Amino acid sequence: MASVERMNSHYSASSVSTAYFNPRFRSYKTLKSNVCIIGDLKSSRETQTAHGVSNSSSSPVNGVTSKSTYSRVANQDIDEKRVLTKFVAETLLPTRHGKFRLRGYKHSVDDGVTFSEPTAVINGTVEGQEEVPVRVHDACYTSEVLGSLKCDCAEQLELALKRISKCPPGMVIYLQQEGRGIGLANKIAAYSLQEQGMDTVDANRALGLPDDSREYISVRNILADLGIKSIRLITNNPRKINKLRGLGINITGRIPSIVEAGEHNQGYLDTKRERMDHMLEEGDWCHFEHEGGMKELRDSEVKDCVSSDAASDLDYDNDGKIKFDLTI
Ligand SMILES: Nc1nc2c(ncn2[C@@H]2O[C@H](COP(=O)(O)OP(=O)(O)OP(=O)(O)O)[C@@H](O)[C@H]2O)c(=O)[nH]1
């Protein structure tokens, strides 16, 4: 196993999404609305030191595959020879949702000039398993940190964590791809345009940015690192399924993740359904009332696998659906 310190010393601080995914935008572009889109924001080189590196049996993962030379990702070709996803460390993390294994990785698509830090949040033993429920989740600072109600991201993350907590094995792979890959500052620029009436798709386009520029090579590499043979993806997004399948990931099923629309995210969810083909039909495994209150799990699979330890959290309604208060 390569020395982790040596490995990390070549990486610069993040700013990954804009630097990686939108190489066309290397300059400031001022729009009429006083919105700037910021392209290549590489921050100063900074040595990263890993703490708590374990002697885990997992070896670093090299993203190079022998067969394919290039992966078509978003709007650019990525040279697989320059892709590296390295396992750094694993720890046990107690959370409000339960106790999880947390695995840290460093992922780079340009020989380590820039990198992101994907994490795998795991409950149970996923190694070598088939049909593992997996949520591939992209960062949303506005909802997950600030509690924004404009989207459904934070609730989807919470639902996935609750699910794998109640029903192991399962995993959430969390990627630093803010704003569907355009980066936080550009997402704020998009929000600014949305205030003027644009929807989430048109706002990106008005900024000259792609609708979605996320790449998922790190997901393939993390699954390989863990020896996971197939997954059931927790998503409503057909693009995500196609992108992952395009990387050779074996997706044998889909677990929907439905958040009930609220006052502030109704339009956002409508746009996802109407313009991005998200499968937001009713009657799926979970509902999350956006602005608090009771949430409902409709998944009989979850109900059946809930252990007696966890069962004390649960109530059943008259239809036999699990009801529990996720208020934490
Ligand atoms: N550009 C942009 N990104 C947004 C906006 N609202 C949320 N996001 C980002 O959207 C990403 C989540 O993507 P979504 O399209 O909501 O959902 P998804 O993950 O693709 O699909 P699911 O797997 O079904 O949840 C996160 O990275 C958020 O930061 C927005 O208005 N504009």
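Start at 1 and go down the list; that is how both ligands and their atoms are numbered. These numbers come from a predicted model, not from an experiment. Note: hydrogens, waters and symmetry copies are ignored here, and every other heavy atom, side chains too, is used.
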Participant: Checking side chain to side chain contact (heavy atoms under 4.5 Å, CB included) for the pair Leu269/His278: CA distance, chi angles, key distance, verdict?
Facilitator: CA-CA 9 Å; Leu269 292 172; His278 283 231; over 6 Å; no
Participant: Is there a path of hydrophobic side-chain contacts, each under 4.5 Å between heavy atoms, that joins Tyr105 and Phe100?
Facilitator: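 No, Tyr105 and Phe100 fall in different hydrophobic clusters.
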Participant: Does Leu233 belong to the same Ile/Leu/Val/Met/Phe/Trp/Tyr cluster as Tyr216, with side-chain heavy atoms less than 4.5 Å apart forming each link?
Facilitator: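 Yes; tracing contacts between hydrophobic side chains, which count when under 4.5 Å, links both residues.
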Participant: For the residue pair Tyr174 and His137, categorise the inter-ring angle as parallel (less than 30°), tilted (30 to 60°) or perpendicular (more than 60°).
Facilitator: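 Aromatic pair Tyr174/His137 classed parallel.
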Participant: Under 6.0 Å from the OH atom of Tyr191, do we count more than 12 heavy atoms belonging to anything else shown?
Facilitator: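 Result for OH/Tyr191: enclosed.
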Participant: Assess the side chains of Ser230 and Glu131: does a donor N or O sit below 3.5 Å from an acceptor N or O?
Facilitator: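 Per modelled atom types, Ser230 and Glu131 side chains form no pair under 3.5 Å.
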Participant: Show the protein residues that qualify under the rule heavy atom under 4.0 Å from an atom of ligand 1, listing them in chain and number order.
Facilitator: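 The answer is Arg135, Asp138, Ala139, Cys140, Cys153, Gln156, Gln177, Glu178, Gly179, Arg180, Ile182, Lys187, Tyr191, Gln194, Thr200, Asn204, Arg214, Thr235, Asn236, Asn237, Lys240, Tyr268, Lys272, His278, counting any residue whose heavy atom sits under 4.0 Å from ligand 1.
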